[in-house]
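In listed order, ligands and their atoms are each counted from 1. Small disclaimer: the values here were computed from a predicted structure and weren't measured.
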Amino acid sequence: MLDLFSTYQIKGLDLKNRVVMPPMCQYSVTKKDGIANDWHHTHYVSRAVGGTGLIIVEMTDVEPDGRITDYDLGLWSDDQVPALAKIVEDVHRHGSKIGIQIAHAGRKAEDADVPVAPSPIAFDENSKTPRELTTEEVKGMVEKFRLAVRRAVQAGFDTIELHGAHGYLIHQFQSPLTNKRTDEYGQDRTKFAIEVIRAAKSEMPENMPLLMRISATEFVEGGYGIEDSIEFSKAYKEAGVDVIHVSAGGEGQIAAAGRPGTHVAYQVPLARAIKQNVGVPVIAVGRLDDAALANAVVGNEDADLVAVGRGMLKNPYWTLTAAEQLRKETKIPEQYSRGFQLK
Ligand SMILES: Cc1cc2nc3c(=O)[nH]c(=O)nc-3n(C[C@H](O)[C@H](O)[C@H](O)COP(=O)(O)O)c2cc1C
């Protein structure tokens, strides 16, 4: 019987439990240099102290104009590696594994003078109209992803996640709403993502798994749905993705507030559909912060791993609290042992 506290292994990534902290932008870089600071260090290391199996560092961008805001993390320069390496080292010291989400915001880069995108279509009436990337620039963008992944590997991360969800650049190429190109990257809307996946793999050690976050459905008239995302996920798996992190939405908010079906576990059926139809391990996410519910998602084999976002913003020790509630064995820091009643 599997449960939230069963171990999990994929390639060289060995997790002590099935709890994932999903990427969550902190908008906390103070010097606009994309370099992680004390806030990031405390934020991620606390969740390791809190027993999380896998921590995924927030959206970290491949070029300055790929940031949502100037306060986001970046990996376009070697100067950005040491601060991340220190976070990795200290997270490891507390027994968690750590990945990083590599991204580009595309037309949702709010602080870029002129954002870039597959097609010159603004996000909404308050957003800048992006400039269409030339075919050569798209190829250059693949290279920027490759170099960011190389730096993430140098920083010592255990895994890499590509951000293919929530209306950011990879998603923009994937969606019929935002990709109106007539070149090779428009004729095949999966081409950009597939090239990024291959570029990432070329920089990663053989036994390091690659995660990819997708929006499994767009919740928008004229957008793609689960049947389409099953098809492109098959192509991504074929190109080298080992685990799919199944989110949804994207032409609106990052979290699906106000969208159809925001009840607890609202994205689990999408995760199950991808898992069953693509034959790939999946991470489920979205209002799974009730421990019994998260445990059931793993026990029922709807997903291999469960991510808890806002629940972990509220409680860095979410995983230890869940173990106590579910009466599971887990290692709690000696210093905190009197705060928990584990069997
Ligand atoms: C403050 C905040 C920042 C977020 N930033 C990111 C991000 O950088 N990358 C991403 O893929 N999702 C991001 N998300 C979405 C979360 O990873 C997660 O999918 C979402 O919050 C739903 O899970 P939950 O109900 O457990 O919070 C963010 C969510 C929040 C609340």
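- Taking the centre of each ring, Y317 and F340 stay at or above the 6.0 Å mark.
- Comparing M24, R213, E58 by heavy-atom distance to atom 18 (C) of ligand 1, the nearest is R213.
- By the 3.5 Å distance cut-off applied to N or O atoms, L288 is not counted among the residues near ligand 1.
- Of all atoms in ligand 1, listed by their number and element, those nearer than 4.0 Å to a heavy atom of H166 are 10 (C), 11 (O), 12 (N).
- The ring of H94 has its center no closer than 6.0 angstrom to the ring center of Y44.
- In this structure, G286 has a heavy atom closer than 4.0 Å to ligand 1.
- Using cut-offs of 30° and 60° on the angle between ring planes, the pair H166 and Y168 is perpendicular.
- For ligand 1, the atoms lying closer than 4.0 Å to a non-hydrogen atom of Q101 are 7 (C), 8 (O), 9 (N), 10 (C), 11 (O).
- Against a heavy-atom cut-off of under 4.0 Å, R287 is close to the following atoms of ligand 1: 24 (P), 25 (O), 26 (O).
- A salt bridge does not link R107 to D124: none of the charged side-chain nitrogens sits closer than 4.0 Å to a carboxylate oxygen.
- Checking side-chain atoms of T60 against main-chain N and O of I102 turns up no donor-acceptor pair under 3.5 Å.
- Applying the 4.0 Å criterion to heavy atoms of V308 picks out, from ligand 1, the atoms 26 (O).
- Those atoms of ligand 1 with a heavy atom of G309 less than 4.0 angstrom away are 24 (P), 26 (O), 27 (O).
- When only interatomic distances are considered, the shortest N/O to N/O separation between R310 and ligand 1 falls below 3.5 Å.
- Those atoms of ligand 1 that come under 4.0 Å of a heavy atom in M59, given as number and element, are 8 (O).
- Contacts of D289 with ligand 1, taken as heavy-atom pairs under 4.0 Å, are absent altogether.
- Taking every non-hydrogen atom of P22 and a distance limit under 4.0 Å, the qualifying atoms of ligand 1 come out as 17 (O).
- Tested against S233, the residues D228, I214, T190 include a single side-chain contact (heavy atoms from CB on, under 4.5 Å) partner, I214.
- No chain of hydrophobic side-chain contacts below 4.5 Å, direct or via other Ile, Leu, Val, Met, Phe, Trp or Tyr residues, connects V19 to I56.
- Among residues two or more places apart in sequence or in another chain, the ring pair (Phe, Tyr, Trp, His ring centres under 6.0 Å) test is passed with Y71 by none.
- Residue C25 has at least one nitrogen or oxygen atom sitting less than 3.5 Å from a nitrogen or oxygen atom of ligand 1, judged on distance alone.
- With contacts defined as side-chain heavy-atom distances shorter than 4.5 Å, the pair V196/F145 qualifies.
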